[in-house]
Structures are given as C-alpha cells and as structure tokens.
Amino acid sequence: MDTTEHILDPADLINFDSLLGSEELALRDTVRGFVREHIKPNIAQWYNDAVFPLEIVPEMAKLGLLGMHLNGYGCAGRSAVEYGIAGAELEAGDSGLRTFVSVQGSLAMSAIHKHGSEEQKQEWLPKMAAGQAIGCFGLTEPTAGSDPSSMKTFARRDGDDWLINGSKRWIGLANVAQVAVIWAQTDEGIRGFVVPANTPGFTATPIDQKLSMRASIQCDIEMVDVRLPGTAVLPNARGLKGPFSCLNEARYGILWGSMGAARDAFEDSLAYSQQRLQFDKPLAGYQMTQQKLVDMALEINKGFLLALHIGRLKDAGNLDLHMISAGKLNNCREAIKICREARTILGGNGITLDYSPLRHANNLESVRTYEGTDEVHTLILGHKLTGVPAFR
C-alpha cells in the first residue's frame with residue numbers, strides 16, 4: 001500500500017488506512033486536498049469575520065459532496081462510509097463546512113428524497129446536488145428543541161392551499177437558501193412542507209454574535225400567513241418519523257466529523273510541541289506532553305474505529321438507530337476533550353486563530369448540542385439498556 005497519505009496522519013497508531021478500500025482512500029485524499037488548498041489558508045479569517053464562504057459551494061458540488069449519499073437526481077450515490085470520510089475531512093477544516101454539507105444533503109435533500117413527490121424531487125434535487133440551489137431544514141423552534149413534538153408552528157388548510165404561521169430557530173443556511181423544508185403541526189399531525197424561500201411571509205434573519213460556528217450561518221425564521229399550494233406538502237411524511245429519519249442521517253455524519261476536528265487539533269498541537277522550545281528542549285520531549293499526545297491519539301483512533309464500524313453496519317443495512325446515539329455521544333464528548341487538551345500544549349498562543357484547537361472546541365459545543373444533546377442521546381441509550389423510557 002502507498003503510505004504517502006498515511007504518513008500525513010500522525011495520530012494513526014493502528015494503520016487505520018488498511019481498513020479502507022481504494023475508492024474510499026481516493027475520496028479521502030481528494031477532499032483532504034480540497035480542504036488544504038481552499039479552506040485552511042482562509043478559515044481563520046472567515047471565522048474571525050463570521051463569514052460563510054458561499055463561493056466554495058460550487059466547488060463542493062463539483063466534488064459530488066452535496067447529497068452524496070443519495071441516489072439519482074444528479075447525486076453521487078456514495079456509501080455511508082464514504083460520506084463519513086468526506087465529513088471527517090471537511091470538519092478538519094471547520095465544523096461549519098461539514099454542517100453545510102449536512103444541512104444541504106442529510107437534512108433538506110434527504111427530506112425531499114425520502115418523503116417528497118416525484119415532482120418535488122425533479123424540481124429541487126438536481127439543482128441542490130449541483131449547488132445551484134441551497135436548502136434548509138426548519139424543525140427546531142424557540143421553545144421546541146429536544147422535544148420537537150411540542151412545536152407551535154401550525155399549517156392549516158385554506159381551500160386547496162395551506163397557510164403556515166410560526167417561528168423556527170437555529171436553522172442553518174435559511175437566509176441564503178432557495179428552498180426550506182418546514183415541519184409544522186396540522187390537524188392531521190406533523191407534516192413537512194417544501195417552501196420556496198421567496199414565498200411572501202417567509203423571513204429568515206441570521207443569528208449574530210455567536211461564540212461558536214462563526215464561519216457558518218444559523219437563522220431565525222418567521223412565517224406569517226405563508227401560503228402554499230396543496231402540492232407543497234411532503235406526501236410520504238407523517239408524524240415525527242419524517243424529520244427523525246433525516247436527523248439520523250445528520251447525526252451519523254457527526255460521528256466522523258467530530259473526529260476530523262479532533263484530529264486536526266491534535267496535529268496542530270503535535271507540530272507545535274516539536275518546534276516550541278521550553279527550558280532548552282522541545283515541548284514534545286517532556287513526559288507530560290507525551291502523555292497528553294498519546295491520550296489524544298488513542299481516543300482519535302477509537303473514535304474513527306467506532307465511526308467506521310457504524311458506517312459499515314449502515315451500508316450493510318444492519319444498523320440499529322441507538323448505535324448512532326452511541327457514536328454521536330462518545331465522539332463529540334471525546335472530540336471536545338481532545339481539542340481542549342490540544343490547546344493546553346499551545347499555551348497562550350492557543351487562544352489565537354493562528355491555531356485550530358480552540359476554534360474546533362468552540363465549534364464542537366454547537367455540534368455536541370445540535371442533532372440531539374448529550375442528554376438526549378444518553379436517554380436513548382438508557383432506554384436501550386433498561387427498556388424504560390425516561391424522557392419525561
């Protein structure tokens with residue numbers, strides 16, 4: 001096996017590459033090269049300026065990263081493992097980049113692909129896969145986060161049309177999207193709607209002054225008498241199973257992405273420790289530093305093994321959904337610890353944007369929260385272990 005790329009993974013203590021096929025390695029190398037060339041030289045400035053670089057969207061589309069795990073309609077039809085590998089490399093650049101791919105592909109596109117009519121699929125999916133249209137996914141509300149069943153947004157029939165009124169919060173990409181998938185209560189239960197973002201009464205406002213995910217976009221959405229034709233409803237989604245089927249796709253991507261951020265933070269701290277002299281020798285030559293590096297590398301290796309195992313099960317059709325909770329809970333929790341520990345090796349320099357660990361740690365506070373908090377995934381796993389639901 002060509003070990004050129006392997007050498008560039010200093011955290012790899014177990015020859016992880018040997019577990020990947022040639023197409024998986026080729027995809028990994030392609031996305032890694034894209035991130036190194038286009039993202040890493042610019043991410044500190046984008047983060048500092050709180051800018052999401054829309055100009056990279058067409059480039060992501062050319063690489064087949066938008067809706068990459070979906071089949072047909074211009075989508076790449078890649079495996080779950082390949083989607084995860086790409087997510088890890090994107091999040092090594094910044095969590096905001098992987099989040100964009102997740103919102104676009106795992107949420108908005110997946111909702112239309114899984115639950116939409118053929119007309120909805122034909123209208124939106126090819127444009128979204130090509131990066132010609134951006135989508136968002138409106139589920140979370142100001143008072144309905146972990147408990148989406150309590151959402152207040154309501155859609156009522158008005159003749160052959162629907163009228164939607166309500167609010168959504170923390171909706172990625174909403175102010176730059178051309179289409180929104182909005183979930184609302186109806187007299188028939190929770191339904192999903194395909195809403196063109198230029199529909200009168202639909203307003204998206206970016207949430208400013210964030211301490212996390214600064215190179216990303218999250219918005220408040222207000223809907224006042226948003227009128228839609230009867231064909232706007234997603235015909236194959238009823239109840240919370242509709243949005244949850246999309247959330248599970250996004251949660252799966254986080255298993256990989258969080259470890260990508262951790263790996264990048266580790267690499268920054270390792271390189272710094274080998275160059276920074278204290279008391280006339282490199283930091284890397286001190287036992288306490290080596291213990292930190294070893295502990296971080298071990299958790300990165302275990303996290304990637306967990307992600308790969310769950311990905312292989314997903315591709316084989318043998319995945320139980322609680323397994324995604326196990327991966328999301330563990331890998332986010334460990335990734336934040338790794339990034340914070342990496343910062344300690346950098347000392348005071350680690351609080352600047354010259355280095356990645358604290359930026360990654362701040363971003364991971366959001367990643368740890370969205371698509372299910374630690375508490376939610378703990379209760380999912382607790383239910384699995386005990387058979388007793390403890391959400392209320």
Side-chain angles (χ1 to χ4, degrees), residues 5 8-11 27-66 68 85-105 130-132 134 136 172-177 206-219 253-254 256-272 275 335-336 338-339 342-343 346 348-367 370:
E5 280 296 322
L8 297 178
D9 284 338
L27 174 70
R28 192 272 313 271
D29 295 347
T30 296
V31 181
R32 183 175 294 182
F34 167 76
V35 169
R36 285 179 174 168
E37 181 177 355
H38 297 286
I39 306 306
K40 288 198 172 183
N42 302 303
I43 187 58
Q45 193 64 52
W46 291 335
Y47 190 92
N48 187 67
D49 295 342
V51 169
F52 175 74
L54 285 170
E55 63 270 19
I56 68 172
V57 173
E59 299 302 317
M60 289 183 171
K62 289 178 184 177
L63 295 177
L65 299 177
L66 306 184
M68 64 182 295
I85 289 169
E89 296 305 322
L90 290 170
E91 197 145 353
D94 192 76
S95 297
L97 305 180
R98 203 261 317 144
T99 296
F100 168 78
V101 169
S102 178
V103 171
Q104 179 84 343
Q132 297 166 359
I134 292 174
C136 66
L173 309 174
N175 71 316
V176 297
I207 299 171
D208 296 324
Q209 297 183 325
K210 296 179 297 181
L211 297 175
S212 176
M213 300 291 283
R214 290 179 55 79
S216 183
I217 300 171
Q218 288 77 38
C219 295
I254 293 171
W256 291 87
S258 57
M259 282 295 113
R263 189 196 72 208
D264 187 68
F266 168 86
E267 291 177 359
D268 253 20
S269 66
L270 174 62
Y272 186 88
Q275 299 162 6
I336 289 178
I338 290 164
C339 292
R343 204 287 309 160
L346 296 165
N349 289 330
I351 71 165
T352 73
L353 285 171
D354 293 333
Y355 302 94
S356 71
L358 192 56
R359 171 173 55 82
H360 283 310
N362 283 354
N363 283 338
L364 286 167
E365 291 291 347
S366 294
V367 178
Y370 68 51

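Keep in mind that this is a model prediction, so the values were computed, not measured.
- When the options Asp268, Asn362, Asp264 are evaluated for a side-chain contact (heavy atoms from CB on, under 4.5 Å) with Pro357, the one that passes is Asp268.
- Between Tyr355 and Arg343, every side-chain heavy-atom pair lies at or beyond the 4.5 Å cut-off.
- Note that the CD1 atom of Ile85 and the OG1 atom of Thr30 stand 11.5 Å from one another [nearest 0.5 Å].
- The shortest heavy-atom contact between Gly172 and Cys136 is O-CB, 3.1 Å.
- With sequence neighbours left out, the side-chain hydrogen bond (donor to acceptor under 3.5 Å, both in side chains) criterion links Asn349 to Tyr272.
- Taking each heavy atom of Cys339 and Ala261 in turn, the nearest pair found is SG-O, 4.0 Å.
- Salt-bridge formation is detected for the pair Arg263/Glu89: a Lys NZ or Arg NE/NH1/NH2 atom is positioned less than 4.0 Å from an Asp or Glu carboxylate oxygen.
- Residues that satisfy the side-chain hydrogen bond (donor to acceptor under 3.5 Å, both in side chains) test with Lys210, not counting sequence neighbours, are Gln218.
- Residues meeting the side-chain hydrogen bond (donor to acceptor under 3.5 Å, both in side chains) test with Asn363, sequence neighbours left out: Asp94.
- Closest non-hydrogen pair, Glu91 versus Ser95, comes out as OE2-OG, 2.7 Å.
- For Thr99, the side-chain hydrogen bond (donor to acceptor under 3.5 Å, both in side chains) partners two or more places apart in sequence, or in a different chain, are Tyr370.
- Closest approach of Ala61 and Leu66 over heavy atoms only: CB-CD1, 3.8 Å.
- Rounding to the nearest 0.5 Å places OH of Tyr47 at 10.5 Å from OG of Ser216.
- Using a 4.5 Å heavy-atom cutoff, the side chains of Leu65 and Phe100 are not in contact.
- We find the CZ-CZ distance between Arg214 and Phe52 to be 15.5 Å, quoted to the nearest 0.5 Å.
- Evaluation of the salt bridge (Lys or Arg N to Asp or Glu O under 4.0 Å) test over residues 43-57, restricted to residues two or more places apart or in two chains, returns none.
- For Leu353, the CG atom counts as densely surrounded, since its 6.0 Å shell holds more than 12 non-hydrogen atoms of other residues, nucleotides or ligands.
- The minimum heavy-atom distance linking Gly93 with Arg359 is given by the pair O-NH1, 3.0 Å.
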Quick one: do Asn175 and Ile217 satisfy side-chain contact (heavy atoms from CB on, under 4.5 Å)? Show the steps, please. CA-CA 8 Å; Asn175 71 316; Ile217 300 171; 3.0 Å; yes
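- Considering only heavy atoms from C-beta on, Ile254 comes within 4.5 Å of Arg98 through its side chain.
- Two residues are said to be in side-chain contact when any heavy atoms from C-beta on lie closer than 4.5 Å; Ile39 and Ile56 meet this criterion.
- Listed by chain and residue number, nothing satisfies the side-chain contact (heavy atoms from CB on, under 4.5 Å) test with Pro58 (two or more places apart in sequence, or in another chain).
- To the nearest 0.5 Å, atom CG of residue Leu97 and atom OG of residue Ser102 are 12.5 Å apart.
- For the residue pair Val176 and Ile134, the shortest heavy atom distance occurs at O-CB, 3.9 Å.
- In this structure, Glu267 CD and Ser356 OG are separated by 8.5 Å, a value rounded to the nearest 0.5 Å.
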